[in-house]
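Structure first, then comments.
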There are 2 protein chains.
Amino acid sequence: MDSSSTTRRQATRQKLYEAAVTLIAEKGFSATTVDEIADRAGVAKGTVYYNFKSKTELFEELLRHGVGLLTRSLRSAAEQTDERGGTRVEALDAMIRAGLAFIDRYPAFTQLYVAELWRTNRAWQSTLLVLRQEAVAVVEGVLRDGVAAGELSEEIDIQLTAAALVGMVLVAALDWQAFQPERTIDDVHSALSLLLHGRVSGR
Amino acid sequence: MDSSSTTRRQATRQKLYEAAVTLIAEKGFSATTVDEIADRAGVAKGTVYYNFKSKTELFEELLRHGVGLLTRSLRSAAEQTDERGGTRVEALDAMIRAGLAFIDRYPAFTQLYVAELWRTNRAWQSTLLVLRQEAVAVVEGVLRDGVAAGELSEEIDIQLTAAALVGMVLVAALDWQAFQPERTIDDVHSALSLLLHGRVSGR
DNA sequence: ACTTTTGCACTGACCAGTCAGTTCAAAAGC
DNA sequence: GCTTTTGAACTGACTGGTCAGTGCAAAAGT
């Protein structure tokens, strides 16, 4: 009774997340109707409101869910490099790959995240800010360690460089998905790796 | 008659663009009402429909207008470097600065552009694709010239590298605007320049 | 003169959220 | 074993409100 019903609810919520994420990525939050989400999830509209208190709350929990996955994936990439005794630059490289793999697996979520991140005055703005901070902090941490270890130049601005690296991965990956989906993840990874290692214009 | 009436219309349209761009950047296209746009522009609702055939068309023309400004600004930065006899890497640097200056001046437009760019199935999707291509092509052109001149590594993937550079600038600039607006454009520019020149992790 | 803008009432479609009722599997009673 | 009860999960018709777009006569601008 406990386990079975908990499982059923969980499964319903999962279906609703999956339906909502693609619709909202395609059309945006406001243009997506609750009826559509319910339809695509194969569920009645009432069920949406049985599981979430509002359309907005469904969306916020979806954001939490997705960013949680991303943050864990980045952190794990960094930690694994650590355990293997790799350098901080190798950790950054591993995180780029983890980021690409995430976007490859959840392209709709990524689209939606990018579209909402810099909006102001929206209900979920504060939620999103916290989530963003968690994800970027992982990158910043590795950069800081790299500078401390003398692997990275002391000149770098941690915050801006972290943002720039995230942007690099994000935009390159979305472009890959949208405009040349036939490329492999390795292709994209090496293009970005080249930039990270300063082999584009640096000698 | 021609010039004077054209000017009045032009001024009204400009007011509508300005009103629409901030509202849509904040709330998204669907959540922004025509009444709000008219109000903020200090204009009657009927005027909106006298000047544009629909809300969607107003938005599409706004996109064209904004991306036109950006593309011209990037191209001009590259050309000026050229005339001065600068290298292609210097041209890229100048374009980074031009990109930052654009985002600094039109932050709302940039937010809105990013939010819409990777959406699929929207009415203005095809418009946006063409516009994106125009802007990215400028960067790709400079990269190609750089490789041809032996200034840039032949290993680089033009398309992906262009996307990555654009992403770097975009995300770093939006982060600058949103989370540390006290920084100067020079600060941000040097952080990105460091990455471009491979002085972050390269030796 | 003629173009552009105003103000405002109106319509019809659409949509978030509600609620009274249904389903069904597991627990309780016998 | 088998019936009855319980309650969580789900359903879908309905409501109240919102909004894009229209129509038009009068005013303002050039």
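Numbers restart at 1 for each chain; the letters A, B, ... are given by sequence-line order, proteins then strands.
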Would the distance check show the side chain of B/R88 and the main-chain N or O of B/L152 forming a donor-acceptor pair, the cut-off being under 3.5 Å? no

Separation of D/dC19 P from B/K55 NZ (nearest whole Å): 9 Å

Protein-nucleotide distance (B/F59, atom CZ; D/dG21, atom P), rounded to Å: 14 Å

How far does CG of B/L16 sit from CZ of B/F52, to the nearest 0.5 angstrom? 5.5 Å

Could you state the CZ-C1' distance from B/R13 to C/dT3, rounded to the nearest angstrom? 14 Å

N or O in side chain of B/N51 less than 4.0 angstrom from C/dT5 OP1/OP2: yes

Separation of A/D35 atom CG from C/dT18 atom C1', in whole Å? 13 Å

With 3.5 Å as the limit, what N/O pairs link the protein to nucleotides 7-13 of chain C?
none

Taking atom P of C/dT18 as reference, at what distance in whole Å does atom CZ of A/F52 sit? 16 Å

Rounded to the Å, how far apart are B/Y49 OH and C/dT6 C1'? 16 Å

Whole-Å distance between C/dT6 C1' and B/L16 CG? 14 Å

Please work out if B/T32 contacts a base, only the sugar-phosphate, or nothing of the nucleic acid, heavy-atom cut-off 4.0 Å. sugar-phosphate

The reported gap from CG in A/D157 to CZ in B/R183 (rounded to nearest 0.5 angstrom) is 4.0 Å

Less than 4.0 angstrom between a side-chain N/O of B/Y50 and OP1 or OP2 of C/dT4, yes or no? yes

Taking atom P of C/dG17 as reference, at what distance in whole Å does atom CG of A/L58 sit? 11 Å

Along DNA chain C (nearest heavy atom to each residue), the more 5'-positioned of A/F29 and B/G42: B/G42

Once you measure the plane-to-plane angle for B/W124 and B/F59, does it fall in the parallel (<30°), tilted (30-60°) or perpendicular (>60°) bin? perpendicular

Looking for any heavy atom pair under 4.0 Å, which part of the strands does B/T33 touch: base, sugar-phosphate only, or nothing? sugar-phosphate

At less than 4.0 Å, is any side-chain N or O atom of B/S54 found next to OP1 or OP2 of D/dA20? Yes or no. no

Within the structure shown, what part of the strands sits under 4.0 Å from A/T56 by heavy-atom distance: base, sugar-phosphate, or nothing? nothing

Of A/K53 and A/E36, the one whose closest nucleotide on DNA chain C sits nearer the 5' end is A/E36

Under-4.0 Å side-chain N/O to phosphate OP1/OP2 contact, B/R9 with C/dT4: yes

Does the pair A/K15/A/E18 count as a salt bridge with the N-to-O cut at 4.0 Å? no

For B/D175 and A/Q159, test the side chains for any donor-to-acceptor distance below 3.5 angstrom and give the result as yes or no. no

Is any NZ, NE, NH1 or NH2 atom of the basic residue among B/E90 and B/R84 found under 4.0 Å from an Asp or Glu carboxylate oxygen of the other? no

